[in-house]
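Below is one structure, written out as structure tokens, with a few remarks after it.
Naming convention: chains lettered A, B, ... in sequence-line order (proteins, then strands); numbering from 1 in each chain. Nothing here was measured: the structure is a model prediction, and the numbers come from that model.
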There are 2 protein chains.
Amino acid sequence: MGTKKGTLREPTIKDIPQLFNVLTPEEQKYLLTNHTTLRYRKNQIIYQEGERPTGLLCIGSGKVKIYKEGMMGRDQIVRMASGPGFIGYRALFAHETHIASAVVFEPCVIFHVARDVIMKLMKSNNDLCMNIIQSFATELGFARFRTVSLTQKHIRGRLAESLLVLRDIYGYEADGHTLGIYLSREDLANFSNMTASNAIRTLTTFVKEKALTVDGRIIRILDEQKLERISRLG
Amino acid sequence: MGTKKGTLREPTIKDIPQLFNVLTPEEQKYLLTNHTTLRYRKNQIIYQEGERPTGLLCIGSGKVKIYKEGMMGRDQIVRMASGPGFIGYRALFAHETHIASAVVFEPCVIFHVARDVIMKLMKSNNDLCMNIIQSFATELGFARFRTVSLTQKHIRGRLAESLLVLRDIYGYEADGHTLGIYLSREDLANFSNMTASNAIRTLTTFVKEKALTVDGRIIRILDEQKLERISRLG
DNA sequence: CTATAACTATGTTTTAAAACATACAAAGTT
DNA sequence: AACTTTGTATGTTTTAAAACATAGTTATAG
């Protein structure tokens, strides 16, 4: 659950099991000499809406925010990602431009596997295809689930659910209560389909109801059951 | 564009190009003897939320509504499908239960390819994998796009967009104006994230604005430009 | 062929959430 | 240190959409 892993040693592409572990020794060798390692710092843009993907991107470590620009400059965060996993692969495989932007939230090590290289590997290795299919299936399921929540739940329910989703993705810090991601109120709002004002207000009421405590961007969840109840009924 | 195709002759699994055309003659033979053809009539349930998928389903002909149950029995139509294409494959490849239900909207011929059969074909045929990946990529893109629309656009914009999406999927009848799908006001509402009352009301205003005419479930689009404008700005 | 249910239509009321308006605190710059 | 920017907090107003109410209309079943 912790987020320390990346601080111990820099990850390599071997740390992306859904990519590396299914390859034959031969293919592994090929991949090792045919990828690049990119390092990003906070707020750097990995790719932007409208750009053409050049290959498969794999998060080795770090945290990434993926968002779409909505009406009147109101962003919608469609996904918060962390390693190990793929980003930007939808556009790659749909042969389209990116429909969302990816920006670094916490320093990242990212591996870039050029289109031809990943295609060649996929041609020779079915398990890799199946893993990519699995990623798609999971992500599409999550997208469906969230669409219903974001369109039908009320503000309290949306925010409570978002906090629980963030817990599922990033877990807690060592104390077992502090959310492992430190979003601004605005990002939290953009992840929960509401305005920043309402995110702030609603967080405040959650604090009053003793479901959590807040200290700047540090959110400590005190009562998961209560949040789950709010998420379900709100 | 037309919807007549199915009435001329009953489709076979050969009419699912993304499945059949990429197979070797050998594999085609195997598939031909290892699938079942299912016929459904209006309102029949193909699968339901919570059920476990048993194989890949391909729409040969007909129209299918795929929806998720939301809060307080309010359904959300996540997709309107027609042949040739896959349905229910997300759950199959995610190894999960269905997260949405599929119900027949217009009489369907559907091909069922058992899990083991499709898996075997995918193991031996990469182009098939790539086609399935392509389906996922397209559908995920659509889901993302719709999430932003359904959460951020106002009622008029959502309804206008939904009508244009339905046009893209089902096209027009021979007259070049009549939408090729006849949804109830409630279905239209469930596809546009609004209540039936608001779908009715908003349709009425579109008629007054001469963007379309309505006769029961028959919708004739008169001014696509106007709808596009409403979709963009609303 | 009536009865019952499902669908469509429209007016009225209520409510949730956005928009707007300040204000204060923290962080970063010059 | 003074200044600017950015993020957080709260109160007030406005508005979009839901909820509610009622009624006509069309299907469908007994």
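The CZ-C1' distance, from Arg185(B) to dT26(D), rounds to 12 Å in whole Å. Rounded to whole Å, atom C1' of dA16(C) lies 15 Å from atom CD of Gln152(A). If you take CG of Asn198(A) and P of dA18(C), they are 5 Å apart, rounded to a whole angstrom. Distance, Tyr182(A) OH to dA26(C) P: 19 Å, rounded to whole Å. Nucleotide dA18(D) holds its C1' atom 8 Å from the CZ atom of Arg74(B), rounded to whole Å. Remark: C1' of dA26(C) and CZ of Arg217(A) are 11 Å apart, rounded to the nearest angstrom. Here the C1' atom of nucleotide dT15(D) and the CZ atom of Arg156(B) are 15 Å apart, to the nearest Å. To the nearest angstrom, C1' of dT10(D) lies 9 Å from NZ of Lys208(A).
Smallest separation of non-hydrogen atoms from Gln48(B) and His98(B): O-CB, 3.7 Å.
Taken from CD1 in Ile181(B) to CD in Glu173(B), the straight-line distance is 10.0 Å, to the nearest 0.5 Å. Glu49(A) contributes atom CD, which lies 5.5 Å from atom CD of Glu69(A) (distance to the nearest 0.5 angstrom).
Map Ser197(A) and Lys153(A) each onto its nearest nucleotide of DNA chain C; the residue landing nearer the 5' end is Lys153(A). Between His154(A) and Gly216(A), the residue anchored nearer the 5' end of DNA chain D, judged by the nucleotide with its closest heavy atom, is Gly216(A).
Taking the ring centroids of Tyr89(A) and Phe136(A), they lie under the 6.0 Å cut-off.
Using a 4.0 Å heavy-atom cutoff across all strands shown, Arg158(B) reaches sugar-phosphate atoms only and no base atom.
Crowding of Glu186(B) atom CD: a count of heavy atoms from other residues, nucleotides or ligands under 6.0 Å not exceeding 12.
Taking five base pairs at each end of the helix from dC1(C)-dG30(D) to dT30(C)-dA1(D), the local helix axes there meet at an angle of 40°, rounded to 10°.
Distances were taken from every side-chain heavy atom of Ile200(B) (C-beta onward) to each of dC7(C), dA17(C), dA9(C); the shortest belongs to dA9(C). Which of dT12(C), dT8(C), dT12(D) sits closest to the side chain of Arg201(A) comes down to dT12(D).
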Trace of the side-chain contact (heavy atoms from CB on, under 4.5 Å) decision for Asp223(B) with Leu212(B): CA-CA 7 Å; Asp223(B) 192 342; Leu212(B) 39 84; over 6 Å; no
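Remark: Thr195(A) is in phosphate contact with dA18(C), judged by side-chain N or O atoms under 4.0 Å from OP1 or OP2.
Between Tyr172(A) and His177(A), the ring-plane angle classifies as tilted under the 30° and 60° cut-offs.
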